[in-house]
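Working notes, beginning with the structure itself.
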Amino acid sequence: MGLIQIHANLATAVILFNAILGLWGMIKFFRGDSLDGNYLGAIALSPLLGLAQMAVGLVLISMGLGVNVRFVHYLYGALVIISAPAVFAFTRGRDDRGAVLLYAAVLLLTAAFGLRAQMTGYELAF
């Protein structure tokens with residue numbers, strides 16, 4: 001498996017992980033739950049997964065494989081990484097039901113950012 005395929009698989013993992021977290025948050029919100037350690041810990045993994053994907057992407061760029069990728073691809077990737085920490089900063093660490101809704105919405109949006117970034121990346125021929 002080549003680095004481009006690893007990068008693409010990480011993109012799929014980012015999309016699915018954030019979508020699952022967003023749906024989990026929506027379920028928590030509609031059940032009336034507040035933030036707990038399990039959910040917040042899972043949220044903390046989201047930017048780390050994005051950073052791992054970015055590291056592989058930087059290796060691809062250093063190998064000269066990033067020339068055919070549109071610039072917006074990098075912007076969507078950056079949004080994936082900074083979204084969850086931005087919500088934490090915006091909510092100032094609140095753990096009420098409103099914070100759960102905000103995290104859930106932003107994580108679903110982050111999944112969409114990941115999907116859009118995947119669309120602007122390389123076209124893999126299988």
Please round to the nearest 0.5 Å and tell me the distance separating atom CG of Leu58 and atom CD of Gln53.
10.5 Å

Leu101 side chain reached by Met26 side chain, heavy atoms, under 4.5 Å
yes

For the residue pair Ala44 and Pro47, what are the closest heavy atoms and their distance?
O-CD, 3.4 Å

Just verifying a value: how many Å separate Leu16 CG and Leu21 CG, rounded to the nearest 0.5 Å?
11.0 Å

Work out which heavy atom in Val80 is nearest to a heavy atom in Phe113; give both atom names and the distance.
CG2-CB, 3.9 Å

Spatial distance of atom CZ (Arg116) from atom CG (Leu79) [nearest 0.5 Å]:
12.5 Å

Please round to the nearest 0.5 Å and tell me the distance separating atom CZ of Phe30 and atom CZ of Arg97.
8.0 Å

I'd like to check Asp96 versus Ser34 (side-chain heavy atoms, cut-off strictly below 4.5 Å). Are they in contact?
no

Atom of Ala111, atom of Ile15 and distance for their closest heavy-atom approach
CB-O, 3.6 Å

Note, Asp33 side chain near Tyr39 side chain (heavy atom, < 4.5 Å):
no

Below 4.5 Å, heavy atoms only, C-beta onward: do Leu45 and Leu49 meet side chain to side chain?
no

Do the side chains of His7 and Val59 get nearer than 4.5 Å, heavy atoms only?
no

Exercise: identify the closest heavy-atom pair between Leu3 and Val56
O-CG1, 3.8 Å

Pair Asn18, Leu108 - check side-chain contact (heavy atoms from CB on, under 4.5 Å), show working.
CA-CA 6 Å; Asn18 285 316; Leu108 289 172; over 6 Å; no

Cluster overlap Ile82 with Val14, hydrophobic side-chain contacts below 4.5 Å:
yes

Can you check whether Ala8's main-chain N or O pairs, donor with acceptor, with Thr12's side chain at less than 3.5 Å?
yes

Determine, stepwise, if the pair Asp36 / Lys28 fulfils side-chain contact (heavy atoms from CB on, under 4.5 Å).
CA-CA 10 Å; Asp36 59 359; Lys28 288 179 75 57; 3.6 Å; yes

Non-hydrogen atoms of Tyr76 and Ala117 that approach each other most closely
CB-CB, 3.5 Å

So if you build clusters from Ile, Leu, Val, Met, Phe, Trp, Tyr with side-chain heavy-atom gaps below 4.5 Å, do Leu60 and Val72 land together?
yes

Ser83 and Val106: which non-hydrogen atoms are nearest, and at how many Å?
CB-CG1, 3.8 Å

Got Ile61 and Tyr74 here, is their nearest side-chain heavy-atom distance under 4.5 Å?
yes

Rounded distance (nearest 0.5 Å) linking atom CG of Leu102 with atom CG of Leu35
10.0 Å

Spacing of Leu48 atom CG and Ile81 atom CD1 [to the nearest 0.5 Å]
10.0 Å

Are Leu51 and Leu75 linked, directly or through intermediate hydrophobic residues, by side-chain heavy-atom contacts shorter than 4.5 Å (ILVMFWY only)?
yes

Quick one: are Thr91 and Tyr103 in side-chain contact, heavy atoms under 4.5 Å?
yes

In the structure I gave you, are the side-chain heavy atoms of Ile43 and Leu107 within less than 4.5 Å of one another anywhere?
yes

